[in-house]
Number of protein chains: 2
Amino acid sequence: MAGKAAPLYRKVAGDLRAAITAGEYGSGARLPAEDELARTYGVSRGTIRQALGALRTDGLVTSRRGARRVVLGGGGARLQSFEELRSFARWARSQGEEPGGRTVAVDPGQATEEEAYHLRLPVGERIFRVLRVRTLSGVPVMVERTTYPERVGELVAAMDPGLASHADELEAHGVLFSDALHTIDVVPADAADAELLGCRAGDGLLRERRRSTDPAGLPVEWSQDRYLPGTVAFTVRNSSGSRAMGRSLNGS
Amino acid sequence: MAGKAAPLYRKVAGDLRAAITAGEYGSGARLPAEDELARTYGVSRGTIRQALGALRTDGLVTSRRGARRVVLGGGGARLQSFEELRSFARWARSQGEEPGGRTVAVDPGQATEEEAYHLRLPVGERIFRVLRVRTLSGVPVMVERTTYPERVGELVAAMDPGLASHADELEAHGVLFSDALHTIDVVPADAADAELLGCRAGDGLLRERRRSTDPAGLPVEWSQDRYLPGTVAFTVRNSSGSRAMGRSLNGS
DNA sequence: GAGTGGTCTAGACCACATC
DNA sequence: ATGTGGTCTAGACCACTCT
């Protein structure tokens, strides 16, 4: 079964990515020139540039006008290359971990001002609040509090409480996750966190708040995840050219 | 004095960005088609696409084949748009805060295995370790432990201990920061952190570890910053198309 | 001065959304 | 059926790096 034909530039990017991680181009090595790559792959320079652009935002190579591109990545060691927007379950599987989830509560309700703001709904609109505990290989590592707009919440409410991945199930129902804005900080565990995660109240937890939207720009979730210290870390790459990250004051 | 001529696509991107934040296109509004923008700006469609690509990675607009682009950003409210790779001092100033710094210690030494790995140097190579306390409006908010390769460390060692921005000074000496890989997690404060930040040992601190490289791909610093809870949060955007972020196991 | 990446153009075809 | 964005081509000129 042939998959849906990938664009040319993705094939080229995949090839180069593989060549780099396979060690054909070590750290600090210089890539072939764009014109040369265009000849060897039999495509135009524009396509090569599109592929190299992807490697650039992945942080695998640098580029500066006038000089050959230089390989940045792993000096022999593995530097995990992260793709796309990933749900907890998908990320866990990609790490060779077994993701689990237990839905503690699903409550319909009316949007507070904060929820309404993040979901772009009128205050008081019907929403669903879901509280879940997420596990890796059976060990609780994260508490997830998510607010869904009604149309999405209804789907979630109907799911098996032990389902490992809500995201997969939602996509099967046509709810797609396209863009997300994340805010990461530290917050003390409250009583509920402490009980669910088996830590002490007041312990510092790694918090990720996230608003996700579908391809049309409609918010599909507003979530607040709290991770036990030492279980996960977040990684971000950025470049002078491709702005992808920032700090912000307070946790507001 | 005319500034160095900005590329066309940046002007277009700036124009559109301004139009969006000025409210000409509210949240959910549809942008003009690429062809129309190309005509109104008198440039080719490729240039328009380059500009729109920048807005896309900024998280200002979505895009899907077949449909007009949709504005994502703030529903009337300010959604701070972060640019580029920023030093602590520059970021603070952009937030209207007064950044400060106090260099506690500068020690020449030999690279440990970890330092050597991150700076891509042989173990035992000469490096400089710098310990600084960073303040906002005079209040300590962060402890910064940075390891520099010798050529950079020598410059830092010669700087005024009260200098607010090492990055500005380094750039003036031709040391440029181009790419960075950040890892964010939570770590308990040690005795030194507690004293310098005025918290208790064991308190959870927000930790950012960072390796920065120059435009040629050479590492220029390996840093570990520890922030007092509640002082800063990190924000990240990502999309299905432009991969920019990931989680990783452990803090290793 | 030769090589290389950054920018820009003018056109083409296709897949998908929308009406 | 039409409009729109995604992909691709083939050229061009310039700014910069390297030697």
Side-chain angles (χ1 to χ4, degrees), chain A residues 2-14 16 28-57 60-72 174 176 178-179 214-218 239-242, chain B residues 2-14 16 28-57 60-72 174 176 178-179 214-218 239-242:
Chain A
K4 29 181 52 174
L8 263 182
Y9 78 90
R10 280 201 192 281
K11 298 198 177 195
V12 174
L16 291 173
R30 284 163 27 168
L31 286 184
E34 294 177 355
D35 281 334
E36 190 181 334
L37 288 171
R39 277 194 304 275
T40 59
Y41 282 99
V43 300
S44 82
R45 188 179 159 220
T47 301
I48 293 294
R49 282 183 63 77
Q50 222 173 333
L52 289 172
L55 297 193
R56 172 83 209 267
T57 64
L60 283 179
V61 301
T62 10
S63 70
R64 34 206 280 256
R65 176 157 41 191
R68 285 270 186 88
R69 285 188 168 76
V70 171
V71 175
L72 285 179
L176 301 178
S178 169
D179 293 82
D214 68 12
L218 265 58
S239 313
S240 315
S242 75
Chain B
K4 29 180 51 174
L8 264 182
Y9 77 91
R10 280 199 192 282
K11 299 198 176 194
V12 174
L16 291 173
R30 285 162 27 166
L31 286 184
E34 294 178 355
D35 281 334
E36 189 181 333
L37 288 172
R39 277 193 303 274
T40 60
Y41 282 99
V43 300
S44 81
R45 188 180 160 220
T47 300
I48 293 294
R49 282 183 63 77
Q50 222 173 332
L52 290 172
L55 298 192
R56 173 84 209 266
T57 63
L60 284 179
V61 301
T62 9
S63 69
R64 33 205 281 254
R65 175 155 45 189
R68 285 270 185 88
R69 284 189 168 75
V70 170
V71 175
L72 283 179
L176 301 178
S178 168
D179 292 83
D214 69 13
L218 264 58
S239 313
S240 316
S242 74

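Chain naming here is simple, since letters A, B, ... match the order of the sequence lines and numbering starts at 1 in each.
Residue Glu36(A) contributes atom CD, which lies 19 Å from atom P of dA2(C) at whole-angstrom precision. Note: CD (Gln50(A)) to C1' (dC8(D)) measures 8 Å, nearest angstrom. Computed from coordinates, the Arg65(A) CZ to dG5(C) P distance equals 12 Å when rounded to whole Å. The distance between atom CD1 of Ile48(A) and atom P of dT4(C), rounded to the nearest whole Å, is 14 Å. The interatomic distance linking Leu8(B) (CG) with dA12(D) (C1') rounds to 15 Å, in whole Å. Between the C1' atom of dC8(C) and the NZ atom of Lys11(B) lies a distance of 14 Å, rounded to the nearest Å. Tyr41(B) has its OH atom 14 Å from the P atom of dC8(C), to the nearest Å. Going from atom CD of Glu34(B) over to atom P of dC13(C) covers 18 Å, rounded to whole Å.
Counting any heavy atom pair closer than 4.0 Å across all strands shown, Arg69(A) reaches sugar-phosphate atoms only and no base atom. Nucleic acid contact class of Arg64(A) (heavy atoms, under 4.0 Å, all strands): sugar-phosphate only. Residue contacts for Leu52(A): at a heavy-atom cut-off of 4.0 Å it reaches no nucleic acid atom on any strand shown.
Taking for each of Arg30(B) and Thr47(B) the nucleotide of DNA chain C with the nearest heavy atom, the 5'-most of the two is the partner of Thr47(B). DNA chain D is contacted by both Pro32(B) and Gly46(A); Pro32(B) maps to the nucleotide lying nearer its 5′ end (nearest heavy atom per residue).
Of all heavy-atom pairs spanning Arg56(A) and Val61(A), the tightest one is CD-O, 3.5 Å. Between Ser178(B) and Pro215(B), the shortest heavy-atom distance links the atoms CB-N, 3.5 Å.
Remark: Arg49(B) is in phosphate contact with dG6(D), judged by side-chain N or O atoms under 4.0 Å from OP1 or OP2. An OP1 or OP2 oxygen of dG6(D) is reached within less than 4.0 angstrom by a side-chain nitrogen or oxygen of Ser63(B). For the OP1/OP2 pair of dT4(D) and a distance below 4.0 Å, the side-chain nitrogens and oxygens of Arg68(B) include at least one atom meeting the criterion. Under 4.0 angstrom from either OP1 or OP2 of dC8(C) there lies no side-chain N or O belonging to Tyr9(B).
With hydrogens and angles disregarded, no donor-acceptor distance shorter than 3.5 Å links the side chain of Thr47(B) to the backbone of Tyr9(B).
A donor-acceptor contact under 3.5 Å is formed by the side chain of Arg45(B) with the base of dG6(D).
When the options Arg39(B), Arg69(B), Arg65(B), Arg68(B) are evaluated for a salt bridge (Lys or Arg N to Asp or Glu O under 4.0 Å) with Glu34(B), the one that passes is Arg69(B).
The Pro7(A) side chain lies nearest to dC8(D) when the options are dT9(C), dG5(C), dC8(D).
Here Asp179(B) contributes atom CG and Leu60(A) contributes atom CG; the two are 10.5 Å apart, rounded to the nearest 0.5 Å.
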